[in-house]
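Down below is the structure, laid out as structure tokens.
Values below: every heavy atom of this structure, side chains too, minus hydrogens, waters and symmetry copies. These numbers come from a predicted model, not from an experiment.
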Amino acid sequence: MVVFRIEKTRDYMVMSNHHLRNAGLSLKSKGLLSMMLFLPEDWNCTTRSLTKICKESMDNIDFALKSTHH
């Protein structure tokens, strides 16, 4: 299991660019992972809850999440 460490402040966050440098991930997957890192710790990270804050459909989010696993 990969652990990402981030530093959150009110207006920005500092995170590792490990997932951004991964050539095996799509641009959509990189963006989705970055957005998920910014969510509060107690956020319910289900596909359904992600559709409420993204314009993507559940199928598109599910595909992006599955493409992050190698």
Side-chain angles (χ1 to χ4, degrees):
M1 175 184 207
V2 176
V3 175
F4 289 97
R5 304 236 185 258
I6 57 172
E7 177 185 332
K8 293 181 185 180
T9 66
R10 196 180 132 205
D11 296 327
Y12 68 93
M13 72 176 178
V14 177
M15 67 179 161
S16 168
N17 60 2
H18 173 77
H19 68 290
L20 299 174
R21 291 182 178 191
N22 187 336
L25 296 177
S26 69
L27 182 60
K28 185 182 287 188
S29 295
K30 291 176 184 185
L32 184 59
L33 282 170
S34 297
M35 186 189 69
M36 290 172 70
L37 288 172
F38 188 69
L39 294 172
E41 300 255 341
D42 60 347
W43 181 267
N44 179 15
C45 272
T46 62
T47 308
R48 185 178 306 275
S49 66
L50 289 171
T51 60
K52 294 180 181 183
I53 60 172
C54 299
K55 70 176 192 172
E56 303 296 329
S57 69
M58 281 202 323
D59 289 338
N60 286 342
I61 291 173
D62 191 42
F63 180 78
L65 290 171
K66 286 181 181 176
S67 70
T68 62
H69 299 287
H70 295 340

Is there a path of hydrophobic side-chain contacts, each under 4.5 Å between heavy atoms of I/L/V/M/F/W/Y residues, joining [Y] to [X]?
X: L32; Y: W43; result: yes
X: I53; Y: I61; result: yes
X: L20; Y: M36; result: no

>> Once rounded to the nearest 0.5 Å, what's the spacing between atom OG1 of T51 and atom CG of D59?
In response: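 CG of D59 is found 10.5 Å from OG1 of T51.
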>> For the CG atom of N44 and the CG atom of L39, what is their distance to the nearest 0.5 Å?
In response: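 It comes to 10.5 Å.
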>> Using the side chain to side chain contact (heavy atoms under 4.5 Å, CB included) criterion, which residues pair with R21? Sequence neighbours excluded.
In response: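 R21: side chain to side chain contact (heavy atoms under 4.5 Å, CB included) contacts with N17.
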> Please, which pairs that meet salt bridge (charged side-chain N to carboxylate O under 4.0 Å, His left out) have at least one residue in residues 44-56, sequence neighbours excluded?
Replying inline: K28-E56
> Taking only residues at least two apart or on different chains, which pairs with a member in residues 33-43 satisfy salt bridge (charged side-chain N to carboxylate O under 4.0 Å, His left out)?
Replying inline: none
> Do you know which two heavy atoms are closest between H19 and L25, and how far apart they sit?
Replying inline: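 H19 and L25 have their closest heavy atoms at O-CD1, 3.5 Å.
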> Between S29 and A64, is there a donor-acceptor pair closer than 3.5 Å when you use the side chain of the first and the backbone of the second?
Replying inline: yes
